[in-house]
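Structure first, commentary second.
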Amino acid sequence: MSFDAVDVIRTKRDGGSLSPEQIDWTVAAYTRGEIAEEQMAALAMAILLRGMSRAEVARWTEAMIRSGERMDWSRLDRPTTDKHSTGGVGDKITLPLAPTVAACGAAVPQLSGRGLGHTGGTLDKLESIPGWRASLSNEEMLGVLGKAGAVVCAAGSGLAPADRKLYALRDVTGTVESIPLIASSIMSKKIAEGTGALVLDVKAGSGAFMKNVDDARELARTMVDIGSDHGVHTVALLTAMETPLGLAVGNAVEVAESVEVLGGGGPADVVELTVALAREMLAAAGLTGAKDPAEALRDGSAMDAWRSMISAQGGDPDAALPVADETCQVAAPATGVLSRLDAYGVGVAAWRLGAGRARKEDPVSYAAGITLHAKPGDRVREGEPLLTLHADTADRFDRALEALDGAYEIGEAFTPSPLIIDRIA
Ligand code: URA
């Protein structure tokens with residue numbers, strides 16, 4: 001069946017619903033290059049302004065999945081479960097989480113991305129481990145999963161190619177911020193990845209994609225519905241992203257912090273979120289009687305799974321991680337309680353230090369990043385270090401310090417708020 005692209009655009013522009021056939025044709029024709037970029041840009045803008053019904057979003061996602069391959073893990077002898085985070089500052093949770101869940105009996109096949117902008121990418125963090133390889137064939141993925149129970153690697157170009165093309169277009173046409181388009185983009189890749197169960201960590205706050213909780217809740221609801229409509233058991237946690245997670249923001253520094261968590265230590269917020277997401281992942285996979293994730297962190301089995309996962313992908317879990325040549329300390333300007341440490345400011349500063357990239361072809365510095373010496377609620381003394389900045393060259397510091405201007409406050413008191421705001425199933 002064939003349609004006229006202009007009719008499809010007009011239908012959405014005027015607030016109508018697209019039929020399943022119109023959606024299938026639009027996504028397939030765009031992927032084949034038969035709908036011009038300017039027509040898809042107009043349609044994306046109409047969708048951003050007019051929205052989509054649940055049925056339209058489900059069909060749009062289905063059409064994007066069908067534009068490429070859908071992976072199949074049925075040869076594994078255990079259930080698959082995965083997590084997706086909408087991205088935050090210091091969000092290294094996949095690193096301790098995937099091996100912890102593997103140690104509790106599920107398989108975690110995670111296809112992940114590189115960072116863009118102020119939030120870091122899981123692959124960039126893992127690539128700071130000497131020898132570790134992000135690109136694996138499907139057979140290699142299966143081998144790592146069978147051996148270690150978890151694999152984290154780059155998504156190949158065969159997975160939801162329609163999304164790859166559309167996301168690049170949305171990026172340059174001011175149409176990223178549409179809940180139906182974000183939800184279908186994320187879920188098409190996760191469903192094509194072939195996981196049987198999925199837990200979403202949808203972040204809300206200054207360092208997140210969604211700045212307020214209501215938008216984050218709507219995004220979570222839309223993604224959970226898409227998952228359910230495609231037979232993937234999907235649950236979302238809404239989590240706070242007003243301040244960085246943990247005490248490390250960057251690449252190698254976040255790997256080091258993740259290893260502390262896997263060794264039974266690490267910052268309380270990283271442990272709390274790792275354990276909460278791991279429990280949800282196991283429950284979503286139907287493994288209700290499995291070992292508790294907190295126990296896997298205590299008894300060394302999560303660390304064993306990590307070492308096995310890193311070695312199976314060519315990495316040396318014992319190798320020294322890259323260390324920055326230059327450091328710069330930011331001192332507390334007063335004595336009192338750290339009442340605010342803004343995730344966005346810290347994320348932009350880490351990015352300017354070289355930990356992230358502005359364009360997807362840019363390289364990242366593995367050693368660049370920021371170490372926090374205090375978290376909101378901690379007492380600090382004037383002149384004592386609040387943050388340490390790490391960079392390959394000292395000329396990075398001025399612009400990073402500018403991003404931190406106004407990003408922290410010292411006061412008299414601090415009222416803690418929960419890290420896990422809500423659960424949507
Ligand atoms: N991440 C994605 O994969 N897609 C979006 O649309 C936004 C964030």
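For ligands, and for the atoms within them, numbers begin at 1 and follow the listed sequence.
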Stacked cation flag Lys165 on Tyr30, 6.0 angstrom / 45 deg: yes
Please write down residue, atom name and distance for the protein heavy atom closest to atom 4 (N) of ligand 1. Ser185 OG, 2.6 Å
Ranked by distance from atom 7 (C) of ligand 1, the top protein heavy atom is Tyr167 OH, 3.5 Å
Considering only non-hydrogen protein atoms, determine which one is nearest to atom 3 (O) of ligand 1 and report residue, atom name and distance to 0.1 Å. Lys189 NZ, 2.5 Å
Give a yes/no verdict on a cation-pi contact between Lys375 and Phe414, requiring under 6.0 Å between NZ or CZ and the six-membered ring centre and an angle within 45° of the axis. no
Test of understanding: with salt bridge (Lys or Arg N to Asp or Glu O under 4.0 Å), list the residues that count as partners of Arg133, not counting sequence neighbours. Glu140
Is there any salt bridge (Lys or Arg N to Asp or Glu O under 4.0 Å) pair reaching into residues 90-112, and which pairs are they, with sequence neighbours excluded? Lys92-Glu257
Is Ile182 near ligand 1, meaning one of its heavy atoms is under 4.0 Å from it? yes
Quick one: which ligand 1 atoms are inside 4.0 Å of a heavy atom on Phe209? 7 (C)
In plain terms, say whether Arg357 and Asp124 are close enough for a salt bridge, that is, a side-chain N and a carboxylate O under 4.0 Å apart. yes
